[in-house]
Each structure stands twice: as C-alpha cells, then as structure tokens.
Amino acid sequence: MPQQLAHRQITKEFASALLSTGSVATSLAIGVTTTQAAWTLTPAPWFGDLRIIAAGALCLAVAAGTESLLEIILVPLRRSLWPTSTTTPVTAVTPTPPVAETQEEGLAQITAATEADSAHRAAIASWTLDHGALFNSEDRWRGYATGEATFYIAPGVVLHYRLAGGHLSEPEFTLLTGNADDPVDVVTVRDVLQYLINQRKAAAHARVALAKEVPEAVDGLTASMRSDAAADEPAF
C-alpha cells in the first residue's frame, strides 16, 4: 500500500510537470511564430532600430497571453485528472492479530490492546502540559492494563499518567522520583524543568558540603590517632 501511494504521487508530479512544460513550450512557440510573421510582413525601413525591440516585446506579450489562456484550460483538466483528496493517505497498515483460539490468547491480545490504548491516551492528554513534541511521542510512553502509563525522563525520574477519578475525569500527571512518599504534581512542562533544576542544584550543594566535610573528618581522625599514640607511650 505505501509503495502504491508513492508510485501514484510520483506519476502525478511527473504528469503535472509535463503539462506545465508543454504549456510553456507551446506559448513560446506561438509567440515566436507570431513575431516572425510580424517581422516578415513589416517593411525593413519601418521603425529602424526599434524594429528589434518591438519584435521582442511582441514575442513576450503573445507568449504571456497564450500561457494565460492555456492555464484556464489546464486548471480544470488537472482537477479532473487528479482530484484533491481531503483525507490523509494511509502510509502504514498495522497487522491485525489472528483470531484467538483460546481464552488465554484472547486475554493476551486484550491486555496488549489495553496497554497500547493507555500509552495512546497518555500521549494525547500530554498536550495539556506540553505543546511541543516530547511528551506527545506515543512510542515513548509505556502503557499498562490499569489504564496508567509512564514516560521515562531520566534515571530516577519518571512521568506518571492516570485518570484520578475514572474514565470521565481529568488526566493527572505526577513525577515519580526516588522519594516514593513525595510525588511531584505536574501541570506544565515547566514543573518538570524546575524539578530537574532543583535536583541539580541540590546535588551540587551536596558535593560542596561533602568536599568540606572530608578534610575536617581527616583532620579529626589524625588528631585522634595522635592522641591515642601519645597515651600509649610509656612514662619515664
């Protein structure tokens, strides 16, 4: 099916280009023929040097007029040969699963369909928080049979989708992080951005604090070892 559509499109474009080229060539031929006839019928002494300029102008005028007349004829012809379609052509056909022979096979098919449906609904609902193309990518969502779906963002950060009050309720998006007891509500994509920025700042502060604590701990350990060594020395 996709190959047939591609072949039809190529044939259509080639035929349209052929018609346009033929129209231009016909217009130029008529213009040159008309100019040649006028040049022959016009006595040479007339106009003098302006004769050449007048011939060129006449050629262009006749060619342009002929092109306009041909376009009036060709437009309905193009429409009749290649009517404009108001529907989007199908570029891919999803294979239909075979008819289930057992209840287990039927359950497996319905489970897979439910998971795909959950991912699809999550991608569509994500337009409320992201008008770009990231969260709207259906292939990035992982759907579940419960009607929920997840979108992996980064290690330890996953966007979660669910319908809080059933199928007729508004979609709810939250960030699932390492702190399972404190999910982050997401209303727009900026909430995700702000969370990631805060996490990066917190990690940077933790590294700075650790860099300060390590020397202090080393100094304390060294002082303790010296004190223990002095206490172990025999008194004379």
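Residues Thr174 and Pro183 approach most closely at CB-CB, 4.4 Å, considering heavy atoms. Across Ala149 and Ala122, no two heavy atoms sit closer than the pair CB-CB, 3.7 Å.
With sequence neighbours left out, Glu172 forms a salt bridge (Lys or Arg N to Asp or Glu O under 4.0 Å) with Arg162. Ser137 pairs by the side-chain contact (heavy atoms from CB on, under 4.5 Å) definition with Asp139, Arg140, not counting sequence neighbours. Contacts of Asn198 classified as side chain to side chain donor-acceptor pair (under 3.5 Å), with partners at least two apart in sequence or in another chain: Gln194. With sequence neighbours left out, the side-chain contact (heavy atoms from CB on, under 4.5 Å) criterion links Arg142 to Glu115, Tyr144, Thr150. Residues satisfying the side chain to side chain donor-acceptor pair (under 3.5 Å) test with Ser126, not counting sequence neighbours, are Asn136.
Within the structure, salt bridge (Lys or Arg N to Asp or Glu O under 4.0 Å) pairs that include any residue of residues 191-203 do not occur (at least two apart or interchain). Judged as a ring-ring contact (aromatic ring centres under 6.0 Å, His included), the pairs with a partner in residues 100-143 (not counting sequence neighbours) are, in order, Phe135-Phe151, Trp141-Phe151. Residue pairs meeting the side-chain hydrogen bond (donor to acceptor under 3.5 Å, both in side chains) criterion with at least one member in residues 97-114: none, sequence neighbours excluded.
At a threshold of 4.5 Å between non-hydrogen side-chain atoms, the residues Val158 and Leu175 do not count as touching.
Leu134 and Ile124 fall into different hydrophobic clusters, where Ile, Leu, Val, Met, Phe, Trp and Tyr are joined by side-chain heavy atoms under 4.5 Å apart, directly or via other members.
Residue Leu193 belongs to a hydrophobic cluster whose other members are Ile197, with links defined by side-chain heavy atoms closer than 4.5 Å. Annotation for Leu107: hydrophobic cluster partners, listed by chain and number, are none (ILVMFWY side-chain heavy atoms under 4.5 Å, direct or chained).
If you run side chain to side chain contact (heavy atoms under 4.5 Å, CB included) between Leu129 and each of Val187, Val186, Val192, only Val186 comes through.
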